[in-house]
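Bear in mind that the values here come from a model prediction, so they are computed numbers and not experimental data. Reminder, nothing fancy here: chain letters follow the sequence lines and each chain counts from 1.
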2 protein chains.
Amino acid sequence: MDIGHKLRTIRKQRGLSQRELAARAGLTNGTISLIEKNRTSPSVASLKSLLDAIPISMAEFFSTLEETEAPKVFYRADEFTEVAPTREGQVSLRQLGNAEHHALQVLHETYPAGADTGPELLTHEGEEAGIVVRGTMEVTVDGNVAVLKSGDGYLFDSRRPHRFRNIGEDVCEVVSACTPPSF
Amino acid sequence: MDIGHKLRTIRKQRGLSQRELAARAGLTNGTISLIEKNRTSPSVASLKSLLDAIPISMAEFFSTLEETEAPKVFYRADEFTEVAPTREGQVSLRQLGNAEHHALQVLHETYPAGADTGPELLTHEGEEAGIVVRGTMEVTVDGNVAVLKSGDGYLFDSRRPHRFRNIGEDVCEVVSACTPPSF
DNA sequence: TTAGGGTGTTTAATATAATTGTCAATCGCC
DNA sequence: GGCGATTGACAATTATATTAAACACCCTAA
């Protein structure tokens, strides 16, 4: 959703400066600068003021924006979304993309020393797999226990009750995949 | 731009509660309540989250919204926009509708006792007229001075230098019209 | 009747957007 | 080159959206 870039393109097409557009829209140049650099997400009211001043309709703006927008493929590390409530010193699950719109859910998981998904085993529809990329992880699946080190992996039917536990002394990182997304 | 009503309509169509939609969109039910009652203008990011969760595209949302939206005709008192910076105990100019898109600018003006548009006379293109609805107003136009009471009015070419002054002891209210809009 | 789960609304606290004022860089234009 | 005007960017403050937690209001079942 690169609103900033789109707005800048249209504004320049019309030969408007940030200050001039701001005056027409009843906003300030600073605000437009921030919006165009995607450093803030404008309120619908603000965006409407801007588009009215150009002028271009909301529908038109978003239709040309959304149609020229290819499905997102690449994600920078800081674009991952934390899907578990981040408690200090707890497991961190960072999800790649928006699982709701895909069949595949990929997580970058970080387990501090001693972290544990808990004694009550997990079960859900689908299959999951993962590779340990740092540290050591004890994985329990349907009664079978294994200790995986960096480079090792797992793959199982998610209906089988499972549990993850970092039994090492260092942080453990795992890259995992799940299909269909479990949450 | 009745985003709230539109959102509520679509949400109910899909049989979603505010809480359920909020959960899917990663927002809170309270936020949705405020948006639906137009008590806040959501950020584009928030609105996108909501529409993604429904799901419906931004373009679709605004196209059906804007096409079904008839030009606004009626304005409640609280929908007037203050067009002069509101200083305490100063003149208040409350504008009917958005003058940018109309040939006619109508103001509901309030002058506290002693208020004055200032010794430097005003001049601008167009014609203006008004009726005093409360209090007493001294109006100067091109050297001619008159004291207008409730029910009295004025009408002149705006290029003639003019000035308004509330010489009474009470608040004075005037309903005025200007064409083309002067600001 | 009461207790419990569902709804939408409201409130004070917090996170975020928008303003204000200023900055350095760029562009003519004598 | 030096000056004024205009540009987009930035930091600190102000205004606003968003949250979290409570509320009141149905329902229905015990």
- Query: To the nearest 0.5 Å, how far apart are CG in B:Asn166 and OG1 in B:Thr136?
  - Reply: 7.0 Å
- Closest approach of A:Ile35 to A:Thr40 (non-hydrogen atoms, all atoms of both residues): N-CG2, 3.8 Å
- Would you say D:dT19 has OP1 or OP2 under 4.0 Å from some side-chain N or O of B:Thr31? yes
- Task: Please work out whether the ring planes of A:Phe164 and A:Phe156 are parallel, tilted or perpendicular, with thresholds of 30° and 60°.
- Result: tilted
- Task: Starting at atom CZ of B:Arg19, determine the distance to atom C1' of C:dG8, rounded to an integer number of angstrom.
- Result: 8 Å
- Note on the structure: Here the gap from A:Leu50 atom CG to A:Thr31 atom OG1, rounded to the nearest 0.5 Å, amounts to 8.5 Å
- Please check the phosphate of C:dT7 (OP1 and OP2 only) for any side-chain N or O of B:Arg11 closer than 4.0 Å. no
- Query: Should we count CD1 of A:Ile131 as having more than 12 external heavy atoms under 6.0 Å?
  - Reply: no
- Item | Atom pair distance, as rounded to whole Å: CD in B:Glu20 and P in C:dG8 | 10 Å
- Message: Counting only side-chain nitrogens and oxygens, does B:Ser17 get under 4.0 Å of the OP1 or OP2 atom of C:dT7?
- Response: yes
- By nearest nucleotide on DNA chain C, pick out whichever of B:Gly30 and A:Asn29 is the more 5' one. B:Gly30
- Query: Does A:Arg39 make a side-chain N or O approach to OP1 or OP2 of D:dC10 shorter than 4.0 Å?
  - Reply: yes
- Look at all strands and tell whether B:Ile32 reaches a base, only sugar-phosphate, or nothing, counting heavy atoms closer than 4.0 Å. nothing
- Choosing from D:dT18, C:dA18, C:dT9, which nucleotide comes nearest the side chain of B:Ser46? D:dT18
- Note on the structure: With five pairs defining each end axis, the helix from C:dT1-D:dA30 to C:dC30-D:dG1 comes out bent, to 10°, by 20°
- Under-4.0 Å side-chain N/O to phosphate OP1/OP2 contact, B:Gln18 with C:dT9: yes
- Query: Does OP1 or OP2 of C:dA18 have a side-chain N or O of A:Ser43 closer than 4.0 Å?
  - Reply: yes
- Heavy-atom side-chain contact between A:Arg24 and A:Leu16 under 4.5 Å: yes
- A:Thr40 side chain: which of C:dA17, D:dA17, C:dT9 is closest? C:dA17
- So what does B:Ser33 hit on the nucleic acid, given a heavy-atom distance under 4.0 Å: a base, only sugar-phosphate, or nothing? base
- Are the side chain of B:Arg39 and the backbone of B:Leu34 linked by a donor-acceptor contact shorter than 3.5 Å? no
- Message: Would you say B:Lys37 places a side-chain N or O within less than 4.0 Å of OP1 or OP2 belonging to C:dG8?
- Response: no
